[in-house]
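This report refers to the structure that appears directly beneath it.
The analysis underlying the following values was restricted to heavy atoms, covering all of them including side chains, and did not include hydrogens, waters or symmetry mates. Below, read A as the first sequence line, B as the second, and so on, with proteins coming before strands; counting in each chain starts at 1.
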Number of protein chains: 2
Amino acid sequence: MRNREETYGLIVETAYKMFAENGFDKTSLAMIAKEVGISKPAIYYYFDSKEKLIDFLFDEICKEIMDQYAFTVEDLTVNNFEQYLLTIGFQMIEEQEKDVHFNKIFNEYILLATRKERYMKQLNKIQKGYFESFSMLMNHGVTIGAINQENVESKSNMLAMVIDNIGNFILTGLELDYKGIWKEAVKSVLLSVRND
Amino acid sequence: MRNREETYGLIVETAYKMFAENGFDKTSLAMIAKEVGISKPAIYYYFDSKEKLIDFLFDEICKEIMDQYAFTVEDLTVNNFEQYLLTIGFQMIEEQEKDVHFNKIFNEYILLATRKERYMKQLNKIQKGYFESFSMLMNHGVTIGAINQENVESKSNMLAMVIDNIGNFILTGLELDYKGIWKEAVKSVLLSVRND
DNA sequence: GTCTATATACCGATAGAC
DNA sequence: GTCTATCGGTATATAGAC
């Protein structure tokens, strides 16, 4: 027998995995209940509806993401700035290669967001935070003289888009030299010299 | 009254729109039939099953995509190479801003592909073609002296990833200076000079 | 808390008349 | 070609016993 917290946690964990694997619509509460080892109505003791369960997981995932991109700007100098950019990119790539579930379910939520305003608002907040984190990092790079200050915002956005999209292609199993791409993106930005 | 071709075309067109708007699972054949102005069984005269209809639309979309990135390499010189890169990027951005349906349904198919091998194979073929098109273009840029030949492949992949991901962010309604980002990406790649 | 049993609704798909 | 009627299956959700 399990206690309340254990069952609750197991439902959440199992729902997360199964939603990621099969999608929301193709995962019924009966399937989740069977996997957890309880009956379908037992889920309703913990969650008012399937939608509420999906909502809850969305909020959990959002929190997790926002915790993730808290870059440390201190201790960065012109000497270690490039290496730091490379390292955080490599870390993101490795995490995405390890945890396929995360990317899959997050893409499900992106599509859901296009049809549900509450999700879209939250998603946009995350996206803005993501771009702003990169922006802060790059502006710090300007301050310490690691990057040319011209079009910092666009450079920053470009880097953010590259690393974000690597996750999408990993999802489709396409095997590219992602670390090489990231390396090139970082170097292109750091060393770019404008002549116009 | 409509003839066979007209009804067929209307089913395809309506299914495309409704699948993009609501997703495959949340769009029933009854909904499509009602929108077209026929009964549900009438759809079965044209398509054996809902799955076959979804399959058909996937193939149509794949064809459309593959037609799209047939870059013309001829007539490119060191003087107009950068402008050409900018132009094709701007065109892609404008198309994605115009046709939201396309991006939405394509993302649905990407998720479907992670669960259906036939889709994934086709998707990977498209992705490879996409990256190869960029690669051809960039290698031509090297030949005419518009780009440094170092890490051309990674530079090419980077550009492809930037322009591809712009579509994803447009889908979420996030308003960024996408053309500025693309401009910066192109210039970074063209003017990058390595010092190691 | 968890169960069995069930209400209600909708789905994809088919039969068969016209 | 298109219809009405319907089948079989499954979904979410609830009632009520333990």
Residues that [X] engages under ring pair (Phe, Tyr, Trp, His ring centres under 6.0 Å), provided they are two or more places apart:
X	value
Phe131(B)	Phe169(A)
Tyr109(B)	Phe24(B), Phe58(B), Tyr119(B)
Phe134(B)	Phe71(B), Tyr130(B)

Members of residues 10-41 of chain B that approach DNA chain D, where some heavy atom sits under 4.0 Å away: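 By residue number: Ile38(B), Ser39(B), Pro41(B).
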
Val78(A): partners by side chain to side chain contact (heavy atoms under 4.5 Å, CB included), with sequence neighbours left out: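 Ala146(A).
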
Check: Thr72(B) and Tyr84(B) side chains under 4.5 Å, non-hydrogen atoms: yes

Common cluster, Ile88(B)/Met138(B), ILVMFWY with side-chain heavy-atom separation under 4.5 Å: yes

Close approaches to DNA chain C from residues 45-53 of chain B, in residue order (heavy atom, under 4.0 Å): Ser49(B), Lys50(B)

Charged N-O contact under 4.0 Å between Arg118(A) and Glu51(A):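 No.
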
Gap between atoms OH and P, on Tyr44(A) and dT4(C) respectively (whole Å): 16 Å

Spatial distance of atom CD (Glu184(A)) from atom CG (Asn157(B)) [nearest 0.5 Å]: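 Here the rounded value is 10.0 Å.
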
